[in-house]
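Report on the structure given below.
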Number of protein chains: 4
Amino acid sequence: MTPPLTRRRTPDSADVRRRILDAATALFARDGFDATATSAVARAAGVPKGLLFYHFPTKIDLLRNLLAERLPASPLCGVASVVVPGDIAASLVALHAELGLDQHQSLVLRIVVFREAQTHPEVGEHVRRLRAGLVAVTEEVLDAASVRPLGPEDRRSAARTFVAVVLDHANAERFGGAESDIEGAARLLAGGLYAGQRAR
Amino acid sequence: MTPPLTRRRTPDSADVRRRILDAATALFARDGFDATATSAVARAAGVPKGLLFYHFPTKIDLLRNLLAERLPASPLCGVASVVVPGDIAASLVALHAELGLDQHQSLVLRIVVFREAQTHPEVGEHVRRLRAGLVAVTEEVLDAASVRPLGPEDRRSAARTFVAVVLDHANAERFGGAESDIEGAARLLAGGLYAGQRAR
Amino acid sequence: MTPPLTRRRTPDSADVRRRILDAATALFARDGFDATATSAVARAAGVPKGLLFYHFPTKIDLLRNLLAERLPASPLCGVASVVVPGDIAASLVALHAELGLDQHQSLVLRIVVFREAQTHPEVGEHVRRLRAGLVAVTEEVLDAASVRPLGPEDRRSAARTFVAVVLDHANAERFGGAESDIEGAARLLAGGLYAGQRAR
Amino acid sequence: MTPPLTRRRTPDSADVRRRILDAATALFARDGFDATATSAVARAAGVPKGLLFYHFPTKIDLLRNLLAERLPASPLCGVASVVVPGDIAASLVALHAELGLDQHQSLVLRIVVFREAQTHPEVGEHVRRLRAGLVAVTEEVLDAASVRPLGPEDRRSAARTFVAVVLDHANAERFGGAESDIEGAARLLAGGLYAGQRAR
DNA sequence: AATGAATGAGAATTCATTCAT
DNA sequence: CATGAATGAATTCTCATTCAT
């Protein structure tokens, strides 16, 4: 009585796909794309090498599908949840937490992606879209959190700066160099935005 | 008439070493460390493969020596030259220009280094030292540029934020995603620092 | 109203078989037997891979069945149609046209067959039978066209020579090297046969 | 005191090259190009796989070098040695023997070449040149052997026919189908040429 | 009969490194 | 110091064939 849903694949097949992508995610993140052998992905996923290439005809397809299926370019569903009205700094910190760039898969993927951005053009494109999405959402948060309207230039500069801090933070974390502090940046940017307004 | 005293190596040998490192720099930057074959480095340097391994017994030694000889962890000789007294924003922008992360070999090397930081621990260590040096020099610049003494926390947060922007900028440039604006960040941070002071 | 009696297979099944063999013919001809993947045959035929192996348990079975069903070893039904009494040369040219080695599927198959003759013994056997059949039919044509009885040796030599020309012509066509001229060979052989007779 | 000749390669290296080409010749001839694994060539040559690819970067380079170094497109040095003045048939038979298409490496190579002519364009080109060279040399032989001047059309047709017979003969031999007789063809063509002359 | 996922042996090629000369 | 041939393990990818459903 249950309809076949929208899947053409066997449950088994879907599971295999998922396990392969899980394994690829973990290994790419740990060792990098180039340094990860497809055989290692297959082993980690518990499938024979041939099956990996049945699902992903070339190695780069693994990365491609990782991006397409697991790393949406639009990083957030709604902005409302993180906004603390009247407190720009707190809103930015909440945004950073909500983005979850520091933890779990998301981080892992983004890092992989940064590393391969140069070598694989399509990956670079994805990274550019991701960055643009982050800037856009940050601008929204700034607008919603500010009690006064923000100048478009300041708003954009603040958003870009914050995104740079967030991405650099994620990037730095992987080799233990995460010295940057999100809170400090948020506080200074909030101050700078109001100072800018005042100056006008 | 006497040969140069500061060299233990023959001029030829020194020249070969230099050509190899030049070639390695260019190729690592373009293709990444993993994707660059030692044979490609030898070919680009115009030396036989055997000679390359005579000078650098393993591939990672190439990277190691690149760091040791060409990428000083202390990024600047003097701070005075970039400081615009009384204008924090202008000083930061001048600092960025002086660092020269955007151009020439320096950039190239740093990028390579970022990419391999995770995979090769010693490279990660170098990157950490570089970041610490950048933060320290930025703090110095902030202190020298500010007309009023800065709170240590604010100063450090501002320095870290600015370094994050600078590194993210360099990092993003390589795949054409360089949206960040140094000037905007400098302006907002300057504003934020004074706003913070006032608030105290 | 009754289903066709000469078929043991369902119409569908017969259709699938035919489509598979059609696809195999085309691909083997274009790329060679070894270089054609069974999956490519299945795709070209529009059938799932499993079904292909249901009908033809191994890859070589495809070739075997191609020979058995589509490349009769006796190349001609009747000889009368091509004979021009009294004109050996014209008869040979007509024979060549009738054989149709230069065009359509027949050519395609024969070429495949030549290529694999060495590697697959049973294919070689088929090629030998085909050649023998061609020689036999050519001898018949020579006999029927000649106004005088031909010596058996000359007749056989002429037939073999003509068959060699015809096969080489077909063989050469596939890589654009078809320089041989059927008409010239026919004319010279006709002349040679009469010259031989006179000398006796 | 002996000059280094014209070799830049080590004697060893030259030997390795030769052994690899020998092995490739034998295996390509026996099994075909596509069906011969590079590992099989290396094993037969007694060298590690890596060394094979050091000398011949890709598999097709093996075939390319085989053609360039061992299968001259001009098949004969001088024509005089095979000509029997006044006896066209005997001259053709001698030509065939001199060409040596039936025996040794030459045969082997030509067969390989025929098989791959379609799939690998450059090989096809070589085959075309070879055929043209054979026709040209055969025409020379016919001219030198004939006591009377031959019409250009007849001469060319006879040459093409003879070359077709010779090539088909070589081609057929590999799967035991060598029924064609060179002598018979030579005799009939000789007769045909004179018959043609008389008729004019 | 039909299906397409699963399997694993093997293909071509790459590459860091060694070593005899 | 210099050289480039030699080495073989590892890599990405292919493919005929099987099999559970």
Side-chain angles (χ1 to χ4, degrees), chain A residues 8-17 20 34-42 46-62, chain B residues 9-10 12-13 16-17 33-43 47-62, chain C residues 9-10 12-13 16-17 33-43 47-62, chain D residues 8-17 20 34-42 46-62:
Chain A
R8 293 196 306 267
R9 299 180 186 286
T10 316
D12 255 23
S13 170
D15 187 53
V16 161
R17 244 190 90 87
I20 292 173
D34 284 338
T36 300
T38 52
S39 60
V41 175
V47 303
K49 258 187 302 184
L51 190 50
L52 189 150
F53 283 95
Y54 177 78
H55 287 284
F56 306 95
T58 71
K59 190 184 177 184
I60 193 80
D61 284 329
L62 277 171
Chain B
R9 301 174 190 285
T10 66
D12 258 19
S13 169
V16 160
R17 251 189 84 88
F33 178 78
D34 284 337
T36 300
T38 52
S39 60
V41 174
R43 201 180 323 116
V47 304
K49 237 192 303 189
L51 193 49
L52 188 150
F53 279 91
Y54 175 80
H55 287 285
F56 306 96
T58 72
K59 191 184 178 184
I60 192 74
D61 286 326
L62 279 171
Chain C
R9 300 176 191 283
T10 66
D12 257 19
S13 169
V16 160
R17 252 188 84 87
F33 178 79
D34 285 337
T36 300
T38 52
S39 60
V41 174
R43 200 180 322 117
V47 302
K49 238 192 301 191
L51 192 50
L52 187 151
F53 279 90
Y54 175 81
H55 286 285
F56 306 95
T58 72
K59 191 182 177 184
I60 191 74
D61 286 326
L62 278 172
Chain D
R8 292 196 308 267
R9 299 180 187 285
T10 318
D12 255 21
S13 169
D15 187 54
V16 161
R17 247 189 87 87
I20 291 173
D34 283 338
T36 300
T38 52
S39 61
V41 175
V47 303
K49 259 189 301 186
L51 191 51
L52 188 151
F53 283 94
Y54 177 79
H55 288 284
F56 306 95
T58 71
K59 191 183 178 185
I60 192 80
D61 284 328
L62 277 172

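Below, each value reflects all heavy atoms present in this structure, side chains not excepted, and no hydrogens, waters or symmetry copies. Here is the naming used below: chain letters follow the sequence lines, and residue numbers restart at 1 for every chain.
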Is the backbone N or O of B:Thr36 less than 3.5 Å from a side-chain atom of B:Lys59, with the two atoms forming a donor-acceptor pair by type?
yes

Separation between CD1 of B:Ile60 and CZ of B:Phe33, rounded to the nearest 0.5 Å
4.0 Å

Rounded off to whole Å, could you give me the [atom1]-to-[atom2] distance for the [X] and [N] pair?
X	N	atom1	atom2	answer
D:Phe56	E:dA11	CZ	P	20 Å
C:Phe53	F:dT17	CZ	P	5 Å
D:Asp34	F:dT14	CG	C1'	13 Å
D:Leu62	E:dA11	CG	C1'	14 Å
A:Leu52	F:dT11	CG	C1'	13 Å
D:His55	E:dT13	NE2	P	16 Å

Identify the nucleotide, in any strand shown, that forms a Watson-Crick or G-U wobble pair with F:dC13, with both distances under 3.5 Å; if there is none, say none.
E:dG10

Paired to E:dC19 by Watson-Crick or G-U wobble criteria (both distances under 3.5 Å) is F:dG4

Taking the nucleotide of DNA chain E with the closest heavy atom to each, which residue, B:Thr58 or D:Pro57, is nearer the 5' end?
D:Pro57

When every non-hydrogen atom of C:Ala42 is compared with those of C:Lys49, the smallest separation belongs to CB-CA, 4.0 Å

Using every non-hydrogen atom in the two residues, find where B:Leu52 and B:Val41 come nearest and quote the distance to one decimal.
CD1-CG1, 3.7 Å

Nearest listed nucleotide, side chain of D:Leu51, among E:dG4, E:dT14, F:dA6
F:dA6

Side chain of D:Lys59 (C-beta onward), nearest among E:dT13, F:dA6, E:dT17:
E:dT13

Judged by each residue's nearest nucleotide on DNA chain F, which is more toward the 5′ side, A:Ile60 or C:Gly50?
A:Ile60

Please figure out whether C:Ala37 or D:Pro48 has its closest DNA chain F nucleotide nearer the 5' end.
D:Pro48

Considering every strand and a 4.0 Å limit on heavy-atom distances, what is the contact class for C:Lys49: base, sugar-phosphate, or nothing?
base

Under 4.0 Å, counting only non-hydrogen atoms across every strand here, what does B:Tyr54 touch: a base, just sugar-phosphate, or nothing?
sugar-phosphate

Any side-chain heavy-atom pair of B:Phe53 and B:Thr38 under 4.5 Å
yes

For E:dA16, does OP1 or OP2 lie under 4.0 Å from any side-chain N or O of B:Thr38?
yes

Does E:dA16 have OP1 or OP2 under 4.0 Å away from a side-chain N or O of B:Ser39?
no

